[in-house]
Every structure is written in structure tokens, then in C-alpha cells.
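Below is one structure, written out as C-alpha cells; comments come after it.
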Amino acid sequence: MDGMSGCATLPPATSAEPSPPKGGTVALVGAGPGDPDLLTVRAQRLLGQAEVVFHDELVSDAILELLPSDVERVPVGKVKGRHSWTQDRINRALVDAARSGRRVVRLKGGDPSLFARAGEEIDYLRRHGIAAELVPGVTAALGCAASAGFPLTDRRHASTVVVVGGHAREGDAPPDWRRIAGPRRTIVVYMGLSNAGAIAAGLIGAGHDPATPAALVANATRANQRIATGRLAELGTIAARHAEDDPALIVIGDVVRLGPDWAPLEPAWTAAW
Ligand SMILES: C[S@@+](CC[C@H](N)C(=O)[O-])C[C@H]1O[C@@H](n2cnc3c(N)ncnc32)[C@H](O)[C@@H]1O
């Protein structure tokens, strides 16, 4: 993608907009993978009405720039030189903001219900008498597939899509690769960049074909998008070439070959394993 054709402005709030209910309400809104054109109409409307927006670090600058200038922006994610807020602090801030009667948006990258702790936040809000509205967004897997130009299913290659988190929290068991490996499937790994070599080893050890095409898509749908392709066996090498600060998704499966960027590094992969 050469650049982004972002929407210029968000629809403004009108006096006819209903006030938030008494206990308060928070909209958990998916911002999509980065390109503002991929915001849903409902997301745009809620952002245009918001008085305070708590956003994580995955939300692109191009989307934040669309917010009206009088909206309070609260970055709660990790950015260089500053730690992210704890989940507890975010939960309490959302409740306080909702109780103050303001229109609150909790803006998350991609879709709020995939690897984004929406469940914990909704649970906390409800226990504190705050209504929560969940607004879906285009998740990274869909944004990456579209940007890279391949489908996630294809009746010739894959009838199953497995979505897995590649970065287990400390103390969590790693994914059971034996349940994930197998033919005729597309495996999508979120948060797997720093662990890519181990992910490939886990899948291959569980019987997945090392020659399966794989793609790494960084900053999908954004102006600085990058795509690298190769074989599962060389995933660690491919990942090592990418800066770890960028959000990146790994897609493993024969569908990757359908994309215009398919260019395996072979025969290097055979030598590396
Ligand atoms: C904490 S998860 C959040 C996922 C998000 N809720 C979603 O539905 O896309 C963060 C991971 O999503 C993936 N991701 C999010 N946005 C991305 C993008 N624009 N390009 C590539 N990967 C992205 C990366 O794997 C990143 O490490």
C-alpha cells in the first residue's frame, strides 16, 4: 500500500444525541488495524460524539488525528519511554469517567474481542453498574490478509482458520502445537514476532510441514506496511529481520502462495533446518 486515504473528519455530535444513561456507559470500540478507512460507521459515530477516549498503543496516529480537538485523549498503552497503565488502573479510570457523565470510548486496535482484554473490562464495568457497548472492528488477521492480497480460507487449500496468541504471559503454558498443526488450514499468530522461531519449531515438531508457506505482515494497512514471505522453517530468520516495535502478524498456510508478494527464500530454508 502506498499510503492511506483516511476519512477527513468524524461526524460531529448533534444536540439530538441521547445522553449517557445515569450509571454511565462505556463503548469499547475496535479501531481496526490502522487505516482510518477501515473504521466502522458506528465507530466513527461514537468517536465523533466522545468526550474522552482511552486508547491503546495499537491505535494508529491516522485514526487519533480524526478525533475532534476538544476530545480528551488518554493513552493507556505502552509507548517508548513510558509504561502502559495496569489493567486495574484502566478499569477504575473507565468507571470514574463514565460516572462523571461523560461519553467514554475505550478505543482498541483491531477488534476489542480478540486479544484485547475486552472481557475483563466489560466484566469490571458491569460489576460497577456501568453499561458496556462492544463495537467490533476489523481484526489484524483480516486486515493483514486483505493487504497482503490472499484469502484466509480457499476451498483448494484451507477450510479451517486457527487464531492463536504467540506470546504467552509469564507462567502460562505455551500453545499445544499438536492441536494446532495439520494440513488444509491457515494458522494466524498474533503477538508472535519475538517468538517466531519457537513457534515454527513447535509446529514442525508437532508434524506441520516445514515447507508450508508463511507470511509476516507488519503494520498492515498502514503507510509503513511491510510483508515478508517464506517457508515455515525459515520463519525465525524472517522475523529476526523485522523491528520488534512494529505490530506484526504471522500467517502460515498454503493460502499465502496466492498473494502477489509470495517469494520464498528457498533453498536457504533447507540449509537452516
Ligand atoms: C494485543 S493484540 C491485539 C489484537 C487486536 N485486538 C486485533 O483484533 O487485531 C496485538 C497484536 O495484533 C497484531 N496486530 C495488530 N494490528 C496489526 C497491524 N496493523 N499489522 C500487523 N499486526 C497487527 C500483532 O500481532 C500485535 O502484536
Side-chain angles (χ1 to χ4, degrees), residues 1 3-4 6 27-40 43 54-64 75-80 83-87 90 105-122 134-150 152 161-170 172 175 186-200 214-229 235-236 238-239 241-252 256 259 261:
M1 222 175 73
M4 286 176 293
L28 281 85
V29 176
D35 182 350
D37 274 6
L38 296 176
L39 280 169
T40 64
F54 295 85
H55 63 89
D56 66 27
E57 76 281 4
L58 273 182
V59 177
S60 67
D61 291 343
I63 286 177
L64 293 175
V76 300
K78 194 157 58 174
V79 286
K80 273 197 186 101
H83 284 297
S84 52
W85 288 24
T86 62
Q87 189 59 54
I90 295 171
V105 166
R106 172 73 173 104
L107 190 61
K108 292 167 179 283
D111 183 273
S113 63
L114 265 173
F115 303 117
R117 301 194 182 175
E120 292 169 48
E121 289 176 14
I122 291 172
L134 196 54
V135 180
V138 174
T139 188
L142 302 178
C144 285
S147 292
F150 53 73
L152 292 178
V161 178
V162 184
V163 174
V164 59
H167 175 73
R169 280 188 309 190
E170 226 170 285
D172 285 355
T186 304
I187 301 168
V188 181
V189 189
Y190 285 69
M191 300 168 287
L193 190 58
S194 57
N195 226 3
I199 290 166
L216 198 147
V217 187
N219 294 307
T221 81
R222 304 177 183 207
N224 55 348
Q225 171 177 290
R226 281 172 296 128
I227 299 170
T229 60
L235 195 56
I238 296 170
R241 295 182 188 164
H242 285 78
E244 284 211 8
D245 283 345
D246 295 337
L249 200 79
I250 296 166
V251 183
I252 300 158
V256 167
D261 296 303

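What you are looking at is a predicted structure, and each value in this text was computed from that prediction instead of being measured. Whatever order the structure lists ligands and atoms in, that order sets their numbers, starting from 1.
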Does some non-hydrogen atom of [X] fall short of 4.0 Å from ligand 1?
X      : value
Gly143 : no
Lys108 : no
Gly34  : no
Thr221 : no

Ligand-residue contact atoms, ligand 1 with Val217, heavy atoms, under 4.0 Å: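 Result: 21 (C).
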Of all the atoms in ligand 1, which lie at a distance below 4.0 Å from a heavy atom belonging to Arg222?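 Those atoms are 19 (N).
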Reported CZ-to-CD1 distance for the pair Arg117 and Ile122, which is rounded to 0.5 angstrom: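 If I round to the nearest 0.5 Å, the distance is 14.5 Å.
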Interatomic spacing from OG in Ser60 to CG in Leu38 - rounded to 0.5 Å: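 Interatomic distance, Ser60 OG to Leu38 CG, rounded to 0.5 Å: 9.5 Å.
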Just need the protein heavy atom nearest to [atom], so name the residue and atom and give the distance.
atom                    : result
atom 4 (C) of ligand 1  : Leu114 O, 3.5 Å
atom 8 (O) of ligand 1  : Thr139 OG1, 2.6 Å
atom 12 (O) of ligand 1 : Tyr190 CD2, 3.4 Å
atom 11 (C) of ligand 1 : Met191 CG, 3.7 Å
atom 25 (O) of ligand 1 : Ala248 O, 2.6 Å
atom 3 (C) of ligand 1  : Phe115 O, 3.4 Å
atom 19 (N) of ligand 1 : Pro33 O, 2.9 Å
atom 5 (C) of ligand 1  : Gly109 O, 3.2 Å

Nearest option to atom 21 (C) of ligand 1, as decided by whichever heavy atom of Ala118, Gly77, Pro247, Gly110 sits closest: Pro247
Which option wins on minimum heavy-atom distance to atom 13 (C) of ligand 1: Ala140, Ser60, Ala220? Ala140
Is it the side chain (CB and beyond), the backbone, both or neither of [X] that lies under 4.0 Å from ligand 1, heavy atoms counted?
X      : value
Gln225 : neither
Leu58  : side chain
Cys144 : side chain

Test side-chain contact (heavy atoms from CB on, under 4.5 Å), reference Cys144, set Val188, Val217, Leu216, Thr139, output is Val217
Between the main-chain N or O of [Y] and the side-chain N or O of [X], is there a donor-acceptor pair closer than 3.5 Å?
X      : Y      : answer
Asp246 : Ala248 : no
Arg222 : Pro33  : yes
Asn195 : Gly166 : yes
Asn219 : Gln225 : no
Thr221 : Asp35  : yes

So Phe115 and Tyr190, would you call those rings parallel, tilted or perpendicular, with 30° and 60° as cut-offs?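 Phe115 and Tyr190: tilted rings.
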For Phe150 and Gly259, which heavy atoms make the closest approach, and how far apart are they? CB-N, 3.9 Å
Could you report the tightest heavy-atom contact between Glu121 and Arg106, atom names first, then the distance?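 Looking at all heavy atoms of both residues, the closest pair is OE1-NE, 3.1 Å.
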Does Pro112 reach ligand 1 with a nitrogen or oxygen that is under 3.5 Å from one of the ligand's nitrogen or oxygen atoms?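 It does not: no N or O of Pro112 is found under 3.5 Å from an N or O of ligand 1.
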Walk me through it: do Leu152 and Leu142 pass the test side chain to side chain contact (heavy atoms under 4.5 Å, CB included)? CA-CA 8 Å; Leu152 292 178; Leu142 302 178; 3.9 Å; yes
